[in-house]
Amino acid sequence: KQFDTAFGAFNQALNEKGFQLVTRGELGASTQRKTVLDSQKKLAGYPDLIDQLDDLNDAANRRRVLLSRQTRVGEEFGEAAGEYAAREDGLQEVLVENKRPSGTVDQVFKTKDNTELVIQEVKGPSADLGKMNVIGSDGQKVPASQGSEAYLRDILRKDIKLRDTVLSDAALREGLLSGTTTLRYRLVKPNRFGQVTVTEFLINNSTL
């Protein structure tokens with residue numbers, strides 16, 4: 001709210017003085033410093049506008065810190081929801097680490113009888129499924145969304161920690177090689193009230 005107020009006041013003042021308005025994109029993490037420096041030069045003869053620019057810069061910095069905290073809290077909420085959903089389904093932990101790096105799956109569990117390997121994407125209440133470029137069947141890069149078979153295939157190819165963990169589990173390794181262990185891929189996401197929704201993604205085990 002403080003950022004919105006400072007942003008609106010600064011642009012109103014710019015408009016009254018005949019200057020070009022600043023966009024939200026120009027105050028992004030990678031562009032804010034340049035925008036502020038350029039604006040300081042342009043507004044050198046307008047101390048009142050410089051003061052408002054300083055207020056906006058401070059508000060943008062505070063907003064970035066708060067958004068970062070909100071994102072992390074949401075991630076932790078999603079991770080906890082994933083573990084809760086797995087426990088409710090009687091699954092056993094295979095690979096669960098906080099804040100796994102990009103290019104890896106979020107959480108992995110298995111059934112007690114090793115007939116299913118369950119891969120989970122976990123999201124906080126306000127987070128959406130991501131996208132990335134993956135190698136398609138023709139060897140070319142194509143965009144794929146989390147939850148798609150193409151996305152999962154690419155992640156399984158890159159996630160070395162997952163591969164090593166599965167290979168170290170004799171029952172899982174043999175089950176995957178023989179086809180007696182099947183993959184499940186799903187999304188676990190809580191709402192802001194804590195209610196957890198589990199969505200199964202459609203995948204073809206024979207093509208993975």
ask   = Under 3.5 Å, is there a donor-acceptor pair between the side chain of S148 and the main chain of Y151?
value = yes

task = Check for a donor-acceptor pair, side chain of N114 on one end and backbone N or O of T181 on the other, with a separation under 3.5 Å.
result = no

inquiry  = Between K110 and E116 (salt bridge meaning N to carboxylate O under 4.0 Å), is one present in this structure?
reply    =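 Result for this pair is no, no salt bridge flagged.
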
ask   = Do Y185 and E121 get their side chains close enough for a donor-acceptor pair, meaning under 3.5 Å?
value = yes

task = Using the rule that two of Ile, Leu, Val, Met, Phe, Trp, Tyr join whenever any of their side-chain heavy atoms come within less than 4.5 Å, decide whether L156 and V118 are in one cluster.
result =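 Hydrophobic grouping puts L156 apart from V118.
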
Value rounded to 0.5 Å, distance of OG1 in T23 from CD in Q20 = 8.5 Å

Check residues 75-83 and write down every donor-acceptor pair under 3.5 Å in which the side-chain atom is one partner and the other belongs to a residue at least two apart or another chain.
from	atom 1	to	atom 2	distance (Å)
E75	OE1	R72	NH1	2.8
E76	OE2	R72	NE	3.4
E79	OE2	K99	N	2.9

Pairing residues for K189 by the side chain to side chain donor-acceptor pair (under 3.5 Å) criterion, not counting sequence neighbours =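 For K189 there are no side chain to side chain donor-acceptor pair (under 3.5 Å) partners, ignoring immediate neighbours.
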
query = Same hydrophobic cluster for I50 and V36, using side-chain heavy-atom links shorter than 4.5 Å among ILVMFWY?
reply =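 In one cluster with I50: V36, yes.
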
request  = Would you please test D4 and R24 for salt bridge (Lys or Arg N to Asp or Glu O under 4.0 Å) and show each step?
outcome  = CA-CA 10 Å; D4 290 339; R24 290 178 179 270; 3.0 Å; yes

ask   = Mind checking what makes side chain to side chain donor-acceptor pair (under 3.5 Å) contact with D128, not counting sequence neighbours?
value = none

ask   = Who else is in the cluster with V198 when I, L, V, M, F, W and Y are joined by side-chain contacts under 4.5 Å?
value = Y84, V122, V188, V196

Non-hydrogen side-chain atoms of V142 and N133 separated by less than 4.5 Å = no

inquiry  = Using 0.5 Å steps for rounding, measure from the OG atom of S68 to the CZ atom of R63.
reply    = 12.5 Å

ask   = Do the side chains of L53 and L21 join up, straight or via other hydrophobic residues, at under 4.5 Å, putting them in one cluster?
value = yes

inquiry  = I'd like to check T197 versus T199 (side-chain heavy atoms, cut-off strictly below 4.5 Å). Are they in contact?
reply    =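 Contact flag for T197/T199 side chains = yes.
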
ask   = Is the closest side-chain heavy-atom distance between T165 and V108 below 4.5 Å?
value =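 No, their side chains stay 4.5 Å or more apart.
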
inquiry  = List the residues meeting salt bridge (Lys or Arg N to Asp or Glu O under 4.0 Å) with K123, not counting sequence neighbours, and say none if there are none.
reply    = none

key: Those residues that, when tested against N61, pass side chain to side chain donor-acceptor pair (under 3.5 Å) (two or more places apart)   =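 If we apply the side chain to side chain donor-acceptor pair (under 3.5 Å) test to N61, skipping adjacent residues, the hits are Q32.
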
ask   = Can you name the closest pair of heavy atoms from F10 and L56 and give their distance?
value = CD2-CD2, 3.6 Å

message = Measuring from atom CG of N204 to atom CG of L183, what distance do you get when rounded to the nearest 0.5 angstrom?
response =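 Here the rounded value is 11.0 Å.
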
ask   = Are L129 and F201 close enough, and set up right, to give a side chain to side chain contact (heavy atoms under 4.5 Å, CB included), and what steps lead you there?
value = CA-CA 12 Å; L129 291 172; F201 297 125; 4.1 Å; yes

Which side-chain N or O atoms in residues 170-180 pair as donor and acceptor under 3.5 Å with protein atoms at least two apart or in another chain?
from	atom 1	to	atom 2	distance (Å)
R173	NH1	L167	O	2.5
S178	OG	E174	O	2.9
S178	OG	G175	O	3.3
S178	OG	T180	N	3.4
S178	OG	T180	OG1	3.0

task = Begin from the C-alpha positions of K161 and D159 and carry the test side chain to side chain contact (heavy atoms under 4.5 Å, CB included) through to its verdict.
result = CA-CA 6 Å; K161 180 72 174 289; D159 195 338; 3.8 Å; yes

Please list every donor-acceptor pair under 3.5 Å in which a side-chain atom of residues 37-45 meets a protein atom from a residue at least two apart or in another chain.
from	atom 1	to	atom 2	distance (Å)
D38	OD2	K34	NZ	2.7
S39	OG	T35	O	2.8

Between side-chain atoms of residues 88-96 and protein atoms elsewhere (two or more places apart, or another chain), which donor-acceptor pairs fall under 3.5 Å?
from	atom 1	to	atom 2	distance (Å)
D89	OD2	R186	NH1	2.8
D89	OD2	R186	NH2	3.2

query = Under the side chain to side chain donor-acceptor pair (under 3.5 Å) test, which residues partner Q2, sequence neighbours left out?
reply =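 Side chain to side chain donor-acceptor pair (under 3.5 Å) check on Q2 returns R62.
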
request  = Could you state whether L27 and L67 fall into the same hydrophobic cluster, counting links through intermediate Ile, Leu, Val, Met, Phe, Trp or Tyr residues with side-chain heavy atoms under 4.5 angstrom apart?
outcome  =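 No: no chain of side-chain contacts under 4.5 Å links L27 to L67.
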
ask   = Side chains of K131 and P143: does their closest heavy-atom pair fall under 4.5 Å?
value = no

ask   = Minimum heavy-atom separation for M132 to I155, with atom names?
value =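 M132 and I155 have their closest heavy atoms at CE-CD1, 3.4 Å.
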
ask   = salt bridge (Lys or Arg N to Asp or Glu O under 4.0 Å) with D55: which residues, sequence neighbours excluded?
value = none

message = Atom CZ of residue position R33 - does it have more than 12 heavy atoms of other residues, nucleotides or ligands inside 6.0 Å?
response = no

key: Shared hydrophobic cluster, F109 / V105 (ILVMFWY, side-chain heavy atoms < 4.5 Å)   = no

ask   = What distance do S126 atom OG and R192 atom CZ have between them, rounded to the nearest 0.5 Å?
value = 11.0 Å

request  = Test side chain to side chain contact (heavy atoms under 4.5 Å, CB included) on V166 and L117 and set out the steps.
outcome  = CA-CA 9 Å; V166 170; L117 183 64; 4.3 Å; yes

inquiry  = Quick check for you: to the nearest 0.5 Å, what is the distance between L49 atom CG and Q52 atom CD?
reply    = 6.0 Å

key: Members besides F193 in its Ile/Leu/Val/Met/Phe/Trp/Tyr cluster (side-chain heavy atoms under 4.5 Å)   = none

query = What closest approach, in Å, do I135 and D154 show between heavy atoms, and which atom pair accounts for it?
reply =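 Closest approach of I135 to D154, heavy atoms only: N-OD1, 3.5 Å.
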
message = If you define the side chain from C-beta out and look only at heavy atoms, does anything of I203 sit under 4.5 Å from R184?
response = no

message = Between K17 and D48 (salt bridge meaning N to carboxylate O under 4.0 Å), is one present in this structure?
response = yes

